[in-house]
Amino acid sequence: MKPNILKVRDLTKHFGNVTSVDGVSFDIFRGEVLGLLGANGAGKTTAINMVLGIVTPTGGRIEVFGKELMANRIEVLRQMNFCSTYTQLPGNLRIWQNLKVFGQIYRVPNLNSRIDEVLEMLEISHLKKRVSGELSAGEGTRLNLCKALLNRPRLLLLDEPTASLDPDIADKVRGVVKRIRDEEGTTILYTSHNMRDVEEVCDRVVFMHKGKVLFTGTSEETLHHFEEESLEEVFIRVARGGDIESNRETEEATK
Amino acid sequence: MSFPTVRALVLRYLYLYTRTPVRIVELVFWPLVHLLVWGYLTRFLQQNVGDDFPHEITFLIGAVILWDILFRAQQGVAIFFLEDVWSRNLLNIFAAPVTNADYLGSTYAVGMMRASVTSVMLGGLSVLFYSFNIFQLSWALIPFVFNLLIFGWALGMISTALIVRWGPAAETLAWAVPFFIQPFAAVYYPVDYLPTVLQWIAKALPCSYVFEGMRGILTDGVVNWKELGIATILNFCYLGLAGLLFVRVMLKGREKGLLTKFASQ
């Protein structure tokens, strides 16, 4: 059995009276791409922010590389990275300057050649000297991905990485995700509202609804469980709250 | 504190300045305006109020230069944080292997650089325009600058903590906080001229000892080392308390998701 890279147990987050994440548990094993799925407000981004240590959990436990996250935050974060559609790199800096700063923060060896490598991987080498604020949305997302890949992370968190991309670039990004998983054995936690992404890239999925995990399994297992023909249909059904209680009972039985 | 991380964060700030020259104007413009206004006011008072007017009126120019050291050090910390908010880069930084100490260390360094740039410029111009040489403060200049930098950093941490606590709407505090204390800091007038209650506030502010000390040297040529010692002790108390406040607010910020709210503004 492959080693457990990320272990989340009974993760809970309350913001005042609002429960954003409610007793969530899941694992990711080495070299696996796990899709964290759910409608807006399902708790995915809050869960990711807790795994990054930006939000402190109200309860539960997060272990990364076998170590408790908050007690070993800096050591763990040095081997992780993330890319979110909700963040940008400073728009006044040139692309190479932004990557140089983050490369130094993550202590990337042979930084200059690594910068060239990731720019080539994301096909934006020609933009190296451009000012980041002048990039299109798609180019900006690819720059964020370059930052996320700089330190060859053992665990990579991708929060809707294809959200603002056209189908061609989105396809290339999915290709990069598969490539780093296959060639570098990177473990990836992937959120997306694009079910095509999920079907193509993810080995397993975790469906969340109102802060809880409804189902965990491969795409096939998910389709079988929900008796639907596509993940898109499962997503819509979950988003609309269909059969949630019975699914929860099924999951309890599975445990 | 990790030196490579601090260096990387400072590098980002230096890139920002080389990429946007208008920010250098901000470093130069306001201090220069203050120097010109207070410098010519000093010259006017010296020439028109009569022989009874004290020679040490030149302390107004010294006060402009020293106040700017405190202000730039405070700005270095507070604006550093806001730069990340404005560029939606905050999560990239706080989700990276950066400790509070690394972050604060880099803001201190940036504050020191900002203060150095403006104080060298103002020092040179005050000799040129008004024949006022800040180096007449001699060796006392070192503890003066040291104390103002530390107090500026403490105020910067307090400003940042308040901005994190109250959100982006409170970002004007980054500029306002030093001016909250300026009336009691004895920058342009002696502490004795304040009402008794306000004198107590002034005595609780380390920078008031620096400005009083500067006037003492220009008037009597005497350095009051005891008062500078009090200022230094007070400063370390403020720095410690401001650091605790910053760390506490960051912990609360993580608990309440305040940092992620900044990112989604």
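So you know, we letter chains A, B, ... as the sequences are listed, proteins then strands, and number each from 1. Here the structure is a predicted model, which is why all the values come from computation and not from measurement.
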query = Just how far is it from atom CH2 of W86(B) to atom CG of N92(A), taken to the nearest 0.5 Å?
reply = 11.0 Å
Results of salt bridge (charged side-chain N to carboxylate O under 4.0 Å, His left out) for K128(A) - residues two or more places apart only = D116(A)
request  = Evaluate the criterion side chain to side chain contact (heavy atoms under 4.5 Å, CB included) for residue pair T260(B) and V55(A); output intermediate values, then yes/no.
outcome  = CA-CA 8 Å; T260(B) 57; V55(A) 170; 3.9 Å; yes
ask   = Are any of the side-chain heavy atoms of T5(B) and R107(A) separated by less than 4.5 Å?
value = yes
remark   = Interface check, chain B: of I105(A), V131(A), L157(A), L52(A), most non-hydrogen pairs under 4.5 Å belong to I105(A)
ask   = Is any side-chain heavy atom of V101(A) less than 4.5 Å from a side-chain heavy atom of Y13(B)?
value = no
ask   = CD1 of I48(A) to CG of L91(B): how many Å apart, nearest 0.5 Å?
value = 11.5 Å
request  = Please list all pairs passing the side-chain hydrogen bond (donor to acceptor under 3.5 Å, both in side chains) test where one or both residues lie in residues 68-83 of chain B, with sequence neighbours left out.
outcome  = R23(B)-E83(B), E26(B)-R72(B), D68(B)-R72(B), D68(B)-T118(B), Q74(B)-S159(B), Q75(B)-W175(B)
task = May I ask you to name which of V98(B), D102(B), L251(B) has the most heavy-atom pairs under 4.5 Å with chain A?
result = V98(B)
note = Among residues 63-83 of chain A, those lying within the under-4.5 Å heavy-atom range of chain B are R73(A), I74(A), L77(A), R78(A), F82(A)
request  = Could you check K100(A) against Y15(B) for side chain to side chain contact (heavy atoms under 4.5 Å, CB included), going step by step and ending with a plain yes or no?
outcome  = CA-CA 11 Å; K100(A) 189 152 190 171; Y15(B) 281 151; 3.6 Å; yes
ask   = Can you tell which of G253(B), G257(B), S2(B), A96(B) has the highest number of heavy-atom pairs within less than 4.5 Å of chain A?
value = A96(B)
Atom pair CZ (R254(B)) and CD1 (I54(A)), whose distance is rounded to the nearest 0.5 Å = 7.5 Å
ask   = Does anything in residues 32-44 of chain A get under 4.5 Å of chain B by heavy atoms, and if so which residues?
value = none
query = Distance from Q97(A) atom CD to L11(B) atom CG, nearest 0.5 Å?
reply = 8.0 Å
CA sep, side-chain torsions, deciding dist, call: N89(B), Q88(A), side chain to side chain contact (heavy atoms under 4.5 Å, CB included) = CA-CA 6 Å; N89(B) 186 42; Q88(A) 290 173 355; over 6 Å; no
ask   = Do P90(A) and R88(B) have side-chain heavy atoms sitting under 4.5 Å apart?
value = no
